[in-house]
Chemist: 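First the structure, which I've put down as structure tokens, then a few questions once you've had a look.
Each ligand, and each atom within it, is numbered from 1 in the order the structure gives. A quick note: this is a predicted structure, and the numbers were derived from the prediction, not measured.
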Amino acid sequence: MCGIIGYIGAGEALPFLLKGLEKMEYRGYDSSGVAVVSENKIKVYKKCGRLKELENALKNEELLECSAGIGHTRWATHGKPSDINSHPHTSKSGKISVVHNGIIENYISLKNFLTQEGYKFISDTDTEVIAQLIDFYYNGDLLDSVQKAVSRLEGSYALGILCSDEPDKIIAVKKDSPLIIGTGENENYIASDVMALLLRTRKIYRLQENNIAVIKKDSITVYNPAKKVLNSENDFEFVNWDIESTNKGNYEHFMMKEIMEQPTVISKTVSSRIKNGEIYFDDFDIADEYLKNLSKIYIVACGSAANAGVVGKYIMEKLIKIPVEVELASEFRYKTPLIDESTLLIVISQSGETADSLAALREAKRLGAKVLSIVNVKGSSIANESDYVIYTSAGPEIAVATTKAYSCQLCILYLLSLFIANKLNRISSDKLYECINKISSISDKIEEVLSKKDEIMEIAKKYKDTEYAFFIGRNLDYAVCMEGSLKLKEVSYIHSEAYAAGELKHGPISLIENGTLVLALLTQDKLFDKMISNLREVKARGAKIFAITTDIHKDKISQIAESVFYIPDFSNEFSPSLSVIPFQIFSYYSALLRNCDIDKPRNLAKSVTVE
Ligand code: G6P
């Protein structure tokens, strides 16, 4: 949510800033801006709309000589998207310019204070307060004034700060929002995401909580809140990500590229954890004694990660036989969770930076639980603060709507369930062996589904003008329907809701009328006939049914559904990995046919670092 970038060096600041912003546009895309310092003056350019608006506005500017600058791509929180509310924000004296990712919770009282001191504000943002506050304290020492200003801020903030009187440096600050420093040849950088730095450097330093860095072209000095200098060469790390994976390749959209990558990334996620028919978690060294005393598992997450958690709950309760509760992180953090040392909290997050998930993690730790996170981004805040981390190997995911990271999360949840069930002797060795074999074959089975993606495109054509849809299923199918429904509404803007099929008649069925689209998932053999009854109920009320099931049910389903997509007959437990794929593809084509901005759906951002 919002991406910040900064450059200081001998070269050209502006091209670097724009390239970096392009890589981070997924973090927010309602406006963007840059500030560069040239001849002791800060010049600011900002534009409402996509990054290309800013690029067009800058075409005729001769800024190539600027050797220091900061930039921002915004997801509006305070104040609507507009040129004025876009970042960077500059103090009234024109000396201090700031880009910010996060929220300043006490900005109103700071604004009142600064107004009394004669400061005037031109935007509706919380960020403008930071620029003015630093300006208020500025007496020729930028670091000192930043330290003083930051001590008065409440909330979350990753900041990049530029000062016209000290053009040889940018200052970076981090609290509860990600910030990475990169180091290059006679130039250094900051960014919210490693991806923005990869074109120039792979040597990075992750700024830790509450620390401040003074970044010059040939030095990086990090201070802790007690103003002690911290960094050493040992704290730098090398990132070995493949730059190609941050490009679209031959695909029109990242979403389809990432859907198609699923067999590969699942195979990577799974294969390294299965050796000689056994499950290993090298990254997860949990004591057997702790597992034996486990009385409850909480799964906490947001969005699709929470939907993966619901799949996890069904499977864990079945295999481990321990109560599992799935909570949205935004709810968990403000309720009274019943947690003690015998509770394991599992946080699931692609980005590892989601503000609510991070806050839930901290709350659970405070209450004494151990925290295991399932995270895609190495070194992210959630990974750093967890007792145990299991990484998914989805690689960089760029489309805002997640596909491959969700699928990898499912596989980790399966493996983890089996691993714990085995440790607690709750699964027979035959069943364990059978499950491991099934999980090992998921990628091949997904390939089969992907090879029929054109069939789904044809089905999407039939329903592209639908205004609302219901997803129904039972048990694990219901859990997958939650993700299918989220996917469809996120990218195609078709209003959709997921219901447990048995619940439909307790209210929602009143919305079914002639032509209502119902997407039904039927992979759970024991529940197949129950589902057929539910489908008859909606069909009797005029619904059009698009069903996803396996070949073995062909006869029955073809009598009732208008459209059917068959997935391979695979396994009742691990069917979510296959059944979610047609939903992803259906959502993609529905969005494409409705001319939606697939990779950057309206109002969304991929990494939500504010509450
Ligand atoms: C945002 C994204 C969703 C994602 C959710 C959780 O809302 O748009 O796609 O599922 O955040 O993100 P996380 O990075 O924690 O998995």
Chemist: For atom 9 (O) of ligand 1, what is the closest protein heavy atom, and at what distance to 0.1 Å?
Modeler: V400 O, 3.4 Å

Chemist: So, are E385 and K365 salt-bridged, with charged N and O less than 4.0 Å apart?
Modeler: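 No salt bridge links E385 with K365.
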
Chemist: To check your reading of the model: name the closest protein heavy atom to atom 16 (O) of ligand 1, its residue, and the distance in Å.
Modeler: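 Ranking protein heavy atoms by distance from atom 16 (O) of ligand 1, first comes Q350 N, 2.7 Å.
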
Chemist: Nearest non-hydrogen atom to atom 14 (O) of ligand 1 belongs to which of A401, S304, S351?
Modeler: S351

Chemist: Is the contact between E490 and ligand 1 made by the side chain, the backbone, both, or neither, using heavy atoms and a 4.0 Å cut-off?
Modeler: side chain

Chemist: In terms of side-chain geometry, is the basic nitrogen of E25 or K600 positioned less than 4.0 Å from the acidic oxygen of its partner?
Modeler: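 Salt bridge flag = yes for K600 with E25.
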
Chemist: Does A605 approach ligand 1 within less than 4.0 angstrom via side chain, backbone, both or neither, non-hydrogen atoms only?
Modeler: backbone

Chemist: Run the ring-ring contact (aromatic ring centres under 6.0 Å, His included) test against F565 and tell me which residues pass, sequence neighbours left out.
Modeler: none

Chemist: In terms of side-chain geometry, is the basic nitrogen of E22 or K19 positioned less than 4.0 Å from the acidic oxygen of its partner?
Modeler: yes

Chemist: Is the shortest distance from a heavy atom of L604 to ligand 1 less than 4.0 Å?
Modeler: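 Under 4.0 Å: no for L604.
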
Chemist: Determine, for K404 against E261, whether the closest basic-nitrogen to carboxylate-oxygen distance falls under 4.0 angstrom.
Modeler: yes

Chemist: For atom 7 (O) of ligand 1, grab the closest protein heavy atom and report residue, atom and distance to one decimal in Å.
Modeler: V608 CG2, 3.8 Å

Chemist: For residues F419 and Y280, establish whether the separation of their ring centroids is below 6.0 Å.
Modeler: no

Chemist: Rounded to the nearest 0.5 Å, what separates atom CZ in R27 from atom CG in N101?
Modeler: 5.5 Å

Chemist: Hey, can you pull the donor-acceptor pairs under 3.5 Å for the side chains in residues 247-256, sequence neighbours left out?
Modeler:
unit_1: N247; atom_1: OD1; unit_2: K23; atom_2: NZ; d: 2.9
unit_1: H253; atom_1: ND1; unit_2: Y588; atom_2: OH; d: 2.8

Chemist: Does S349 reach ligand 1 with a nitrogen or oxygen that is under 3.5 Å from one of the ligand's nitrogen or oxygen atoms?
Modeler: yes

Chemist: For atom 15 (O) of ligand 1, what is the closest protein heavy atom, and at what distance to 0.1 Å?
Modeler: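 The closest heavy atom on the protein side is T354 OG1, 2.4 Å.
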
Chemist: For ligand 1, is there an atom lying under 4.0 Å from some heavy atom of C302?
Modeler: yes

Chemist: In ligand 1, which numbered atoms sit nearer than 4.0 Å to a non-hydrogen atom of K606?
Modeler: 1 (C), 2 (C), 11 (O)

